[in-house]
Number of protein chains: 2
Amino acid sequence: MADLNSTKDRILDEALTLFSEKGYANVYVGEIAARVGIKAPSLYKHFRNKRAIFEGILAEMEKRFLEQAGMLNISGNDATADVARYEVMDEDTLLKLGTDLFLFFLHDDFQRRVRKMLTIEQFQDAELAAVYQDQYVDAPLNYQAMMFGMLSKAGILKADSEEEVSVMAMHFYAPIYLLLTVCDRDPYREIVSLKKLEAHIRQFNKLYGRTMR
Amino acid sequence: MADLNSTKDRILDEALTLFSEKGYANVYVGEIAARVGIKAPSLYKHFRNKRAIFEGILAEMEKRFLEQAGMLNISGNDATADVARYEVMDEDTLLKLGTDLFLFFLHDDFQRRVRKMLTIEQFQDAELAAVYQDQYVDAPLNYQAMMFGMLSKAGILKADSEEEVSVMAMHFYAPIYLLLTVCDRDPYREIVSLKKLEAHIRQFNKLYGRTMR
DNA sequence: GTCTATAAGAAGATAGAC
DNA sequence: GTCTATCTTCTTATAGAC
């Protein structure tokens, strides 16, 4: 899917779009083919069967998720550098952090389609559920907890224990997650959701920020 | 579905179970029939077609949701009575409130299956998305906001404005929602999630409770 | 209301020409 | 690698006996 000029990648791309809108079972191979501009039987020169297309999408997904996690780790492993980076954390920086996370998940085309597809297909198979769990729950919570842990050690946020930090991460991320699912369901709610997101983060900062206590 | 002795209601019940596990398109009428203990053609004496079974479930759903909303309104309309009820609100009462909400959504068999079915089918049709939005986002948030508004007027919780109350409701409910979707995806995470829920509510109380400030 | 038999059609997949 | 023609299977739904 990296190169949308190759037919194989265009198949994956169109299939992902359709799967994310209608679910795997409601998409017919002829539909995918039509969007690519070929006939159904030609698909079988690129993929063994319909299932293989789905698995091709999962493979691409895994590849991109790993790249993404790698990026997080690079910034996350060097605690000293990170503390330095976040030392200047104020309300507007926190707001930007949350909004960026939200908008990346919401607007990145690949992210959006994969998330919707996994939402539909998550109950088919434990592996899909695990991918969803990791990507949209555990990884963001762990990342936020790591960051807030450093911020609280640096005296910027107020937390008395490791557990408080992990709850703090949930308090920061759960509203982002909720608003994300709201916008996936109804894109017209995006503007209202962005306002709610901002109100959430400002109040989060008021509740947890050292300067306010 | 009220009377599970009638074949018609047993069809709705088994269909809901299957739709919530595999999605509408992956369930065959013969499968539903087999669970009820009849053959596929016999189904058509009770429902015009497969779609009518799905719509029968939606009708039952709407009926139960309305009953449920009625119950909330009864307690919600009389503000004086509610303030009196919540005046003794302390951390343990708040904890029970949140846990009850969580466990009702999670364990009530009808709720659980309907929520999973709507999760799978939400992108098929704007009406299904709207039902989901109302039942699992807007209604709980409005209810919590109403309650926290009263509690803050009564001086039990700390909020300076209407908007703060609505953010407070999101801070209370969003983690509940997130943990709910986690448990739907993987029931083995229920025990851990209940612990996280408790930690969340205690910290919420610490952040927003008047007594702590 | 339930059954068996069967029609009708949809959808995945293959064969083989170009 | 793409096409047309076709096969096969699966699934919904109907007909008509009991």
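Model, not experiment: these values are computed from the prediction. Proteins get letters first, then strands, A, B, ... in listed order; numbering begins at 1 in each.
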**Request:** Compare side-chain N and O positions of B/S42 against OP1 and OP2 of C/dC3 and report whether any pair is under 4.0 Å apart.
**Result:** yes

**Asked** To the side chain of B/Y44, which of C/dT2, D/dA13, C/dG12 is closest?
**Response** D/dA13

**Message:** In whole Å, I'd like the distance from the OH atom of A/Y28 to the P atom of D/dC10.
**Reply:** 17 Å

**Request:** Could you check how far CG of B/D9 sits from C1' of C/dG1, rounded to whole Å?
**Result:** 16 Å

**Asked** Which nucleotide in the list D/dT2, C/dA13, C/dA11 gets nearest to the side chain of A/H46?
**Response** D/dT2

**Item:** Distance under 6.0 Å and angle within 45° of ring axis: A/R51 vs A/Y24
**Value:** yes

**Nearest-nucleotide comparison on DNA chain C, the residue closer to the 5′ end among B/K39 and A/G30** = B/K39

**Request:** From the options C/dG12, D/dC3, C/dT2, select the nucleotide whose nearest atom is closest to the side chain of B/I38.
**Result:** C/dT2

**Prompt:** Which of the following nucleotides, D/dT2, C/dA13, C/dC3, is nearest to the side chain of A/N49?
**Reply:** C/dA13

**Prompt:** Under 6.0 Å from the six-membered ring centre of A/F123 and within 45° of its axis: does the NZ or CZ of B/K22 meet both?
**Reply:** no

**Message:** What's the closest nucleotide to the side chain of B/T7 if the choices are C/dT2, C/dA11, D/dT4?
**Reply:** C/dT2

**Asked** Contact class for B/V27 vs. all strands (heavy atom < 4.0 Å): base, sugar-phosphate, or nothing?
**Response** sugar-phosphate

**Item:** DNA chain D: 5'-proximal contact among B/K45 and B/K50 (nearest heavy atom)
**Value:** B/K50

**Request:** In whole angstrom, give the distance that lies between atom CG of A/N26 and atom C1' of D/dT11.
**Result:** 14 Å

**Asked** Taking atom P of D/dT2 as reference, at what distance in whole Å does atom CZ of A/F47 sit?
**Response** 12 Å

**Item:** Gap between atoms CG and P, on B/L43 and D/dA15 respectively (whole Å)
**Value:** 17 Å

**Asked** So, are A/K206 and B/E164 salt-bridged, with charged N and O less than 4.0 Å apart?
**Response** yes

**Note: A/R113-A/D184 ion pair, threshold 4.0 Å (strictly below)** = no

**Integer-rounded Å distance: C/dA11 C1' and A/R51 CZ** = 16 Å

**Item:** B/E198/B/R202 salt bridge by N-O under 4.0 Å criterion
**Value:** yes

